[in-house]
Structures are given as C-alpha cells and as structure tokens.
Novice: 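Quick one: the structure is below, and I'll ask about it shortly.
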Protein chains: 2
Amino acid sequence: MDHPDGETVKRRRTSNRASVTIRDVARHAGVSVATVSRALRGSDLVHPATRERVDAAIEALRFTPSQLGRSLAERRHAANGIVFPDLSGPFYAEVVLGYEEVAARLGRSVLILSTHNRESADEMVLDLAGRVDGLAVFGRTVHDVVVAEIVERGVPVVLMARTEVRGADSVRTENVSAAQSVVEHLVTHGHRRMAFLGDPVDSTDVAERWAGFRAAVDRAGLPAPDQPVTAGFKEDDGARAAVDLRAGGLPDVVVCANDELALGLMEALEDHGVRVPDDVAVTGWDDVMAARYAGLTTVRQPMRDMGARAARMLDARISGDSSEPRHDVLTTQLVVRRSCGLHPKEAHR
Amino acid sequence: MDHPDGETVKRRRTSNRASVTIRDVARHAGVSVATVSRALRGSDLVHPATRERVDAAIEALRFTPSQLGRSLAERRHAANGIVFPDLSGPFYAEVVLGYEEVAARLGRSVLILSTHNRESADEMVLDLAGRVDGLAVFGRTVHDVVVAEIVERGVPVVLMARTEVRGADSVRTENVSAAQSVVEHLVTHGHRRMAFLGDPVDSTDVAERWAGFRAAVDRAGLPAPDQPVTAGFKEDDGARAAVDLRAGGLPDVVVCANDELALGLMEALEDHGVRVPDDVAVTGWDDVMAARYAGLTTVRQPMRDMGARAARMLDARISGDSSEPRHDVLTTQLVVRRSCGLHPKEAHR
DNA sequence: GCTCCCGTTGATACCGGTTACATTAACCGG
DNA sequence: CCGGTTAATGTAACCGGTATCAACGGGAGC
C-alpha cells in the first residue's frame with residue numbers, strides 16, 4: 001500500500017503545531033477543497049469513487065474540520081447561552097439540565113455563565129451574546145438595557161423568572177395564585193398571624209409571592225403584615241431571621257420565599273427550642289431535595305420544564321420564527337408536608 | 001454635527017440582516033481595518049486623535065466585533081468545556097460552579113455537555129472538543145479511546161473522578177482512606193455486620209470506596225461481605241435496595257456509595273418500620289444539602305474545589321505548560337450525624 | 001458528426017477578524 | 001541639506017471553512 005504523503009503525516013505526529021486543514025486533505029486526495037467540503041457535508045454531487053479517496057485522506061491525515069472556520073462561513077455558532085445569577089443551590093441545576101437536554105438534542109452546544117453579582121456582569125453577558133445564536137437569561141442577573149441591547153443586535157433572548165423586556169420571549173412560574181394556595185391551606189390549620197420572609201426587591205418572583213401572600217391574607221380576613229421580613233436566599237439568611245422573628249414575637253406561621261431560607265429558619269428555631277410546626281409553622285418554595293427530608297411544606301416549580309421550554313423557544317426564534325413574543329407561565333403545585341402543621345387525620349404518618 | 005454615513009445606520013436599523021463589520025467601521029472613520037483593529041485591541045501604535053475617530057465610528061455604527069472572526073484569527077476559542085454524565089442531582093452543580101467561576105475569571109467561557117448515557121456521547125464529546133481550548137471530563141462519560149483521541153489532537157484534557165489516561169491531568173478525591181474512616185467510626189458504635197451499597201462497575205470512585213471498605217472491615221477483624229449490594233445512584237435505587245436487604249436479613253450498617261442512595265434507603269426502611277439508626281445504621285457519601293436535614297453521616301468532598309482546580313490546570317496547559325501530567329487527589333472529610341448511631345454523650349442533641 | 005444537457009469538479013470569492021510587512025511623514029543630528 | 005530613526009498608518013495575506021459559478025467530459029437526441 002503506497003502512501004503518497006506519508007511525510008506529512010509523520011511531520012504532524014512529531015510537531016502538532018499546525019493542524020491539518022481542508023486544503024491538506026484536498027491536496028492529499030488530489031481534489032479541490034470544494035470537493036472535500038462537499039464530501040464532508042454529505043452532498044450528493046460527489047462521485048462515489050471520489051468520496052472514497054477523500055474519506056481515505058481524511059482518515060490518513062486524521063482531519064477534523066475546524067468548528068470555527070465552519071461557524072464563520074455558516075454564520076452561526078450552533079451554540080446557545082444561559083445566564084444565571086449563581087449556580088449554587090439545588091435550584092438552578094435543574095433548569096440548566098432541562099435547557100441543556102433540549103439544546104443538545106437540537107444540535108446546539110450550551111454556554112453557561114453565572115454572574116455572581118459581579119459588577120462586570122453586563123459586560124460578560126454582552127460578550128456571551130456574541131458567542132451564541134440565542135441566549136436565555138435567568139432572574140435579575142443583568143440590567144434591562146443590556147437585554148434590550150442584545151435583542152437589538154438581533155440575538156434572540158428568552159427571559160426566565162424575570163420581568164419582561166420588549167422583544168424578548170419569557171418563561172416564568174405562577175406565583176400569585178400559588179401564594180394564595182399556601183395561605184388558604186395554612187388557614188385550614190387554624191393559623192392566623194402570618195409573616196412573610198424574603199426580599200421582594202431581590203427578584204420578581206419574590207415580589208409576586210409577597211404580593212400574592214398579602215392579598216390572600218387580606219382576603220381571608222386576617223391581619224396582614226405591612227412588610228415582609230427581609231432576608232437573602234440562603235440558609236444563613238434564614239437562620240439570622242430566626243433571631244429577629246423571636247425578638248418580635250413569633251407569628252403562627254412564616255411563609256418563606258424559598259426552601260433554603262425556610263430550612264435555615266427551621267433549623268435555627270429548633271436549635272432554640274421552638275418546635276416546628278407545633279409552635280410555629282414554616283413553608284418554603286421550590287421543593288428542593290432537602291425539603292422532602294426536612295418535611296417542609298413548599299411550592300413545587302417545574303424547573304426542568306422551564307429550561308426545556310426556554311431552549312425550544314430559542315430554537316424557534318433562531319429558526320426564523322418572528323411572531324409576537326411569547327410569555328409562558330408555568331403552573332406550580334402546593335406540596336404539603338409536616339412543617340405547616342399536622343391535621344388530625346394526617347397525624348398517623 | 002454632521003453625520004457622513006447616517007444612511008448606513010438607518011439601513012442597518014431597519015434591516016439587521018447584514019451585521020456591521022470592521023470594514024464598515026474603517027470606511028466610516030476613514031482609516032484602514034488595521035487601524036480599527038489596533039484601536040480595538042488597545043494597541044499604543046494608534047494616534048489619540050485617530051483612536052477617537054475610530055471610537056466615534058464604532059459608537060455610531062454600534063459595532064461589535066465578531067467573536068468568530070476573532071477566534072479564527074487568534075486561533076483560540078477562549079472557551080473551555082466540561083462534560084458530565086448527568087447534570088441532575090445536587091452533586092455536579094457544585095463542580096460546575098467551581099469550574100465556571102475560575103474559568104470566567106480567566107476570561108474563558110464555559111461549554112457544558114451532559115451525556116446522559118446517550119450512545120452518541122463519544123461523538124458529542126469529540127465535537128465539543130473542537131469548540132474549546134481545553135476540556136474537563138467527569139467520570140465515566142466517555143471511552144478512554146475518545147479521551148486519548150482528544151489528547152492526541154492537542155486539546156488539553158483534565159479528568160475528574162475518573163481513571164487516568166495517558167497524557168491527561170486528573171483531579172479526584174480520596175476514597176480509600178475515607179472508607180476506612182467510615183468503617184472505623186462505625187466500629188466505635190459497636191456495629192459488626194456491614195454491607196456496602198453501590199455498583200463498583202459504575203465508577204472509579206465507587207470501586208475505590210468498595211475496595212477501601214472491604215479492606216477496612218477486614219482489618220477490623222470483622223466479616224467482610226464478598227459482594228456489594230449493587231445499585232444505581234438515585235434515591236429510587238436506594239429504596240429498591242431496602243427490599244433486598246430486608247429479605248436477606250438486615251446487617252448492622254449499610255455503607256452507601258452516595259447520599260442519594262443512602263437517603264432513599266433510609267426513607268424506605270423507615271416506611272417499613274425499620275428504625276435508623278436503632279435497627280440499622282446508614283452512611284452516605286458526598287454530603288449533599290439534604291444529608292444535613294436527614295441527619296445522614298457521610299463523607300464530604302470538596303466538589304467546588306475540584307472544579308476550580310480542573311479549570312486552573314487547563315489554564316496552565318493552554319498557556320503552554322507542558323510538564324508531566326499532574327494527578328491531584330483531594331482530601332475528604334467524615335461528617336458524623338445521627339444515621340450512624342448515637343453515642344451516649346451525643347444523645348442529648 | 002454535432003449540439004445539448006447533466007453529473008462532477010475546480011477556482012475563487014466570501015465569512016470577519018488579526019498581523020507581518022511596506023510605506024509615509026516628521027524629526028534628529030551632522 | 002541629507003541619511004537614519006521612529007511613530008502612524010495602509011496593504012494584503014493569513015485563519016479554515018462554505019458556496020457560487022464556470023468549466024469540463026461524455027452520453028443522448030437529431
């Protein structure tokens with residue numbers, strides 16, 4: 001078996017500086033680059049015998065087409081981005097999972113970026129927007145003007161759990177009526193004095209939950225607090241809140257803006273001899289895995305579905321769909337566990 | 001203020017088909033593309049007055065340099081990849097977090113890919129390798145030959161929690177001595193008959209944990225089981241194992257390969273009236289958030305650090321470090337909670 | 001035997017940046 | 001007044017693919 005260009009192969013093996021390009025393959029196979037490209041793309045305008053020669057050359061040179069060259073020529077990245085405030089917490093991973101799964105199936109890579117409240121977040125997101133065909137943006141990671149700028153550039157954007165921006169699709173979960181379900185359920189337990197833990201300024205979701213909570217408490221004819229007990233999003237924040245709450249006189253129940261807060265709160269309370277749910281009931285939001293083991297009553301959100309939808313929306317836009325922006329709202333579900341108080345008939349479990 | 005090229009702007013605004021390129025900017029500013037490029041890169045070989053004109057043109061045309069063009073010319077992607085078996089579970093998110101954080105700081109985007117046991121995983125990973133400057137591969141996601149192939153192509157690879165491959169760096173956590181700590185601790189509780197739950201074939205980590213477990217049990221002079229009780233990685237798998245274990249006569253303790261298994265097992269046991277730790281003790285691995293609330297004794301691994309290290313290793317390789325492959329082993333930590341049995345002196349908490 | 005057509009293929013202009021090298025002009029000392 | 005620097009800029013060749021369009025060879029139709 002002769003090997004017309006064995007030397008090239010050898011050279012490459014010792015110094016893999018210069019990578020092998022489509023032109024090397026063309027030369028090796030004795031055809032033009034156009035033909036190699038056609039063979040690569042599976043075009044039917046190439047003679048079987050030629051294709052075979054090309055394939056042999058590709059094999060011999062161990063050629064892999066450069067994604068960069070290809071993307072530049074095709075003017076598409078074949079990649080989507082997703083932006084998060086923070087990837088920690090059990091919550092976001094699910095969204096990414098749903099997103100990545102769909103994107104992968106559609107042949108797109110996924111670029112992730114978590115902003116961590118860095119002041120350079122806007123810049124980073126703009127940069128990311130230049131590397132993708134479409135971008136999903138979660139929560140309050142980036143200013144509205146930046147989103148608008150990206151939309152203006154022609155990059156499709158879908159917002160997740162975030163206030164709408166002109167020209168961008170969005171997906172979010174239902175909060176107001178879920179808050180109402182929570183309150184209504186708590187009322188059946190006989191709880192009266194209700195507090196809300198979480199900072200509405202932090203996120204649209206929390207703002208809606210707080211609003212829904214207040215409205216529902218009002219509607220139930222109970223005394224609604226004027227203010228939420230403000231706190232961050234982490235277990236520590238919940239633990240700290242326990243101190244404030246005990247100082248101010250414990251309510252019957254604390255509705256928390258997310259599970260981590262609720263869990264931190266419960267733990268801190270119990271450390272101080274306050275029993276949950278006997279002395280005070282607690283509810284959360286998200287239904288993270290730990291909530292199940294802690295017996296936390298909470299609101300389940302279809303996070304994975306949210307990610308998947310975002311990916312599909314982007315795909316549609318990238319594929320040329322230019323209809324009016326869509327705004328999906330996913331339904332949530334109340335998950336009742338021990339922490340909101342046991343009904344007599346449930347007490348056996 | 002006159003506007004030599006206002007029409008271009010207008011045209012662009014109505015039809016954002018053709019994006020504005022560096023040549024448009026050059027024309028608008030009355031300079032060459034080289035000068036624009038230099039101005040963009042902040043070269044000091046451009047006259048302040050010229051730079052100003054260029055900046056004005058960039059502003060006027062709302063020019064954003066194409067990352068693709070730039071990457072092609074610079075022959076670097078400015079992006080790293082990370083490959084996972086599955087992004088679900090509370091475990092991987094932490095690794096990604098550490099990885100992304102460091103990569104972002106180093107100016108690299110992060111591409112994620114989760115293989116989900118798809119048969120096309122090898123292909124997907126190879127494709128990904130063509131889009132990045134470096135790749136982190138977690139666990140048993142892809143065959144050794146594929147890793148070797150990527151290394152051969154000259155793309156730096158770091159393996160995480162996976163058997164080593166020639167030419168690739170690796171990071172993993174210590175398993176054998178951690179298993180020994182677990183067993184030794186269990187012995188102090190007076191436990192004798194020990195079982196191991198998890199499938200050593202599934203992952204290198206589990207294989208090491210099983211081996212370490214056996215050795216430690218042996219060393220303690222206790223009867224070591226010949227076989228692990230095989231199971232997957234999820235809570236369901238743990239729950240299913242509960243049935244088998246009860247059928248075979250309960251041991252004193254079940255050492256599980258990860259927390260999800262342990263949690264599923266504990267829950268299923270308690271549902272059947274088997275008390276943990278009184279009737280049987282259970283330990284896990286990973287220290288996920290839920291473990292804390294379930295009171296699960298487990299082994300904590302520095303997942304975030306693992307991701308961060310991987311990112312730094314890749315950075316070094318990409319920057320030209322061609323020293324011998326490194327193989328870091330991170331230390332783990334036994335976290336004792338209720339599930340392994342209460343010592344008298346701990347009983348008050 | 002001579003068009004015409006079609007299946008293949010090649011040459012080359014892109015895609016949008018970077019950068020080596022050439023060029024120009026101003027400023028220097030002798 | 002002149003050769004030699006040096007700062008600032010332009011020209012054009014890359015990077016590695018895709019795709020258009022022209023060209024070519026051979027069989028069908030007349």
Side-chain angles (χ1 to χ4, degrees), chain A residues 12 16-55 57-58 61-79 127 129-131 133 153-154, chain B residues 12 16-55 57-58 61-79 127 129-133 153-155:
Chain A
R12 161 146 174 61
N16 54 8
R17 266 283 123 268
S19 62
V20 22
T21 79
I22 198 172
R23 285 161 235 269
D24 299 327
V25 175
R27 197 174 317 123
H28 189 280
V31 298
S32 72
V33 292
T35 300
V36 177
S37 178
R38 279 188 283 257
L40 279 174
R41 319 290 317 240
S43 157
D44 50 356
L45 282 99
V46 40
H47 194 90
T50 312
R51 182 185 304 272
E52 214 161 301
R53 289 222 313 288
V54 172
D55 286 348
I58 288 174
L61 300 177
R62 319 212 65 204
F63 167 71
T64 325
S66 151
Q67 296 294 341
L68 282 177
R70 182 168 280 181
S71 287
L72 185 58
E74 290 180 338
R75 307 165 98 187
R76 62 179 230 127
H77 298 266
D127 176 87
R131 307 170 161 275
D133 301 319
R153 277 195 208 164
Chain B
R12 161 146 174 60
N16 53 8
R17 268 283 121 270
S19 61
V20 22
T21 79
I22 198 173
R23 286 162 233 267
D24 299 327
V25 176
R27 197 175 316 123
H28 189 281
V31 298
S32 72
V33 292
T35 300
V36 176
S37 179
R38 279 188 283 256
L40 279 175
R41 320 283 318 228
S43 157
D44 51 354
L45 282 98
V46 39
H47 193 90
T50 312
R51 182 184 303 270
E52 215 162 301
R53 290 222 311 288
V54 171
D55 287 347
I58 289 174
L61 300 177
R62 319 213 63 200
F63 167 71
T64 325
S66 151
Q67 296 293 341
L68 282 177
R70 181 169 281 180
S71 287
L72 185 58
E74 290 179 338
R75 308 164 97 189
R76 63 179 229 126
H77 299 265
D127 175 88
R131 306 170 163 277
V132 298
D133 301 319
R153 276 195 208 165
V155 178

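Letters A, B, ... mirror the listed sequences (proteins, then strands); counts begin at 1. Every value quoted in this text rests on a predicted model; they were computed, and no experiment measured them.
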Novice: What nucleotide among C:dG16, C:dT19, C:dA11 has an atom nearest to a side-chain atom of B:Ala73?
Specialist: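 Of C:dG16, C:dT19, C:dA11, C:dG16 is nearest to the side chain of B:Ala73.
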
Novice: Please confirm whether the shortest side-chain N or O distance from A:Thr35 to OP1 or OP2 of C:dT9 is below 4.0 Å.
Specialist: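 Indeed not, no polar side-chain atom of A:Thr35 lies that close.
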
Novice: Quickly work out the A:Leu40 CG to D:dG16 P distance and round it to whole Å.
Specialist: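 The distance from CG of A:Leu40 to P of D:dG16 comes to 15 Å, rounded to the nearest Å.
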
Novice: Has B:Ser32 got a side-chain N or O lying under 4.0 Å from the OP1 or OP2 atom of D:dG10?
Specialist: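 So the side-chain polar atoms of B:Ser32 do come within 4.0 Å of the phosphate oxygens OP1 or OP2 of D:dG10, strictly under.
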
Novice: Return the value, rounded to whole Å, for the distance between atom CG of B:Leu45 and atom P of C:dA22.
Specialist: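 My rounded result for the distance is 16 Å.
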
Novice: Is the phosphate of C:dT9, meaning OP1 or OP2, less than 4.0 Å from a side-chain N or O of A:Arg38?
Specialist: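 For C:dT9, neither OP1 nor OP2 has a side-chain N or O of A:Arg38 closer than 4.0 Å.
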
Novice: If you assign each of A:Thr50 and B:Val36 to its closest nucleotide in DNA chain C, which residue comes earlier from the 5' end?
Specialist: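 Going by which nucleotide is closer to the 5' end, it is A:Thr50.
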
Novice: May I ask you to decide whether A:Asp55 forms a salt bridge with A:Arg51, counting only side-chain N to carboxylate O separations under 4.0 Å?
Specialist: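 No, no charged N to carboxylate O under 4.0 Å.
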
Novice: Is the phosphate of C:dG16, meaning OP1 or OP2, less than 4.0 Å from a side-chain N or O of A:Arg75?
Specialist: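 For C:dG16, OP1 or OP2 has a side-chain N or O of A:Arg75 closer than 4.0 Å.
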
Novice: Ignoring hydrogens and angles, does a donor from either the side chain of A:Arg70 or the base of D:dG16 sit under 3.5 Å from an acceptor on the other?
Specialist: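 A donor-acceptor contact between them is absent.
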
Novice: Does B:Ser43 reach a base, just sugar-phosphate, or nothing at all? Heavy atoms under 4.0 Å.
Specialist: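 Counting heavy atoms under 4.0 Å across all strands, no contact is made by B:Ser43.
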
Novice: Rounded to whole Å, how long is the line connecting atom CZ of B:Arg53 with atom C1' of D:dA8?
Specialist: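 Rounded to whole Å, this separation is 12 Å.
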
Novice: On the nucleotide C:dT18, are OP1 or OP2 found under 4.0 Å from the side-chain N or O atoms that B:Ser37 carries?
Specialist: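 Answer is yes, contact under 4.0 Å.
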
Novice: Restricting to non-hydrogen atoms, name the atom on B:Val132 and the atom on B:Val155 that form the minimum distance, rounded to 0.1 Å.
Specialist: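 Distance-wise, the nearest heavy atoms are O-CG1, 4.4 Å.
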
Novice: Starting at CG of A:Asp44 and ending at P of C:dT8, how long is that distance when rounded to a whole Å?
Specialist: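 Between P of C:dT8 and CG of A:Asp44: 9 Å.
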
Novice: What does A:Arg23 touch in the nucleic acid at a heavy-atom separation under 4.0 angstrom: a base, only the sugar-phosphate, or nothing?
Specialist: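 The residue A:Arg23 makes base contact.
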
Novice: I'd like to know whether CD of A:Glu74 has more than 12 heavy-atom contacts from other residues, nucleotides or ligands below 6.0 angstrom.
Specialist: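 Yes, the 6.0 Å shell around CD holds more than 12 heavy atoms from other groups.
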
Novice: Rounded to the nearest 0.5 Å, what separates atom CD in B:Gln67 from atom NE2 in B:His77?
Specialist: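 Reported to 0.5 Å precision, the distance equals 13.0 Å.
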
Novice: In whole Å, what is the span from the CD1 atom of A:Ile22 to the C1' atom of D:dC15?
Specialist: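 Going from A:Ile22 (CD1) to D:dC15 (C1'), I get 14 Å.
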
Novice: Considering every strand and a 4.0 Å limit on heavy-atom distances, what is the contact class for B:Gly30: base, sugar-phosphate, or nothing?
Specialist: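 If one applies the 4.0 Å heavy-atom cut-off, B:Gly30 turns out to touch the sugar-phosphate alone, with no base involved.
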
Novice: Give the rounded distance in Å between these two atoms: NE2 of B:His77 and C1' of D:dC15.
Specialist: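 It works out to 12 Å between those atoms.
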
Novice: Regarding B:Leu68, tell me which of base, sugar-phosphate or nothing describes its non-hydrogen contacts under 4.0 Å with the strands shown.
Specialist: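 Touches nothing.
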
Novice: Relative to the 5' end of DNA chain D, which residue comes earlier, B:Arg51 or B:Glu74, by the nucleotide with the nearest heavy atom?
Specialist: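 Going by which nucleotide is closer to the 5' end, it is B:Arg51.
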
Novice: Reading DNA chain C from 5' onward, which residue's closest nucleotide shows up sooner: A:Val46 or A:Val33?
Specialist: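 Upstream on the strand: A:Val46.
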
Novice: Checking side-chain contact (heavy atoms from CB on, under 4.5 Å) against B:Val31, which of B:Val46, B:Val25, B:Val36 comes through?
Specialist: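 Only one of B:Val46, B:Val25, B:Val36 forms a side-chain contact (heavy atoms from CB on, under 4.5 Å) with B:Val31, namely B:Val36.
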
Novice: Mind checking who D:dA13 pairs with, Watson-Crick or G-U wobble, both distances under 3.5 Å?
Specialist: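 Pairing partner: C:dT18.
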
Novice: Using whole Å, report how far CZ of B:Arg131 lies from P of D:dG16.
Specialist: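 About 17 Å, once rounded to whole Å.
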
Novice: What is the distance, to the nearest angstrom, from the NE2 atom on A:His47 to the P atom on C:dC6?
Specialist: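 Rounded to the whole Å, the gap is 19 Å.
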
Novice: Nearest 0.5 Å please: distance from the OG atom of B:Ser66 over to the CZ atom of A:Arg131.
Specialist: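 If we round to the nearest 0.5 Å, B:Ser66:OG and A:Arg131:CZ are 10.0 Å apart.
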
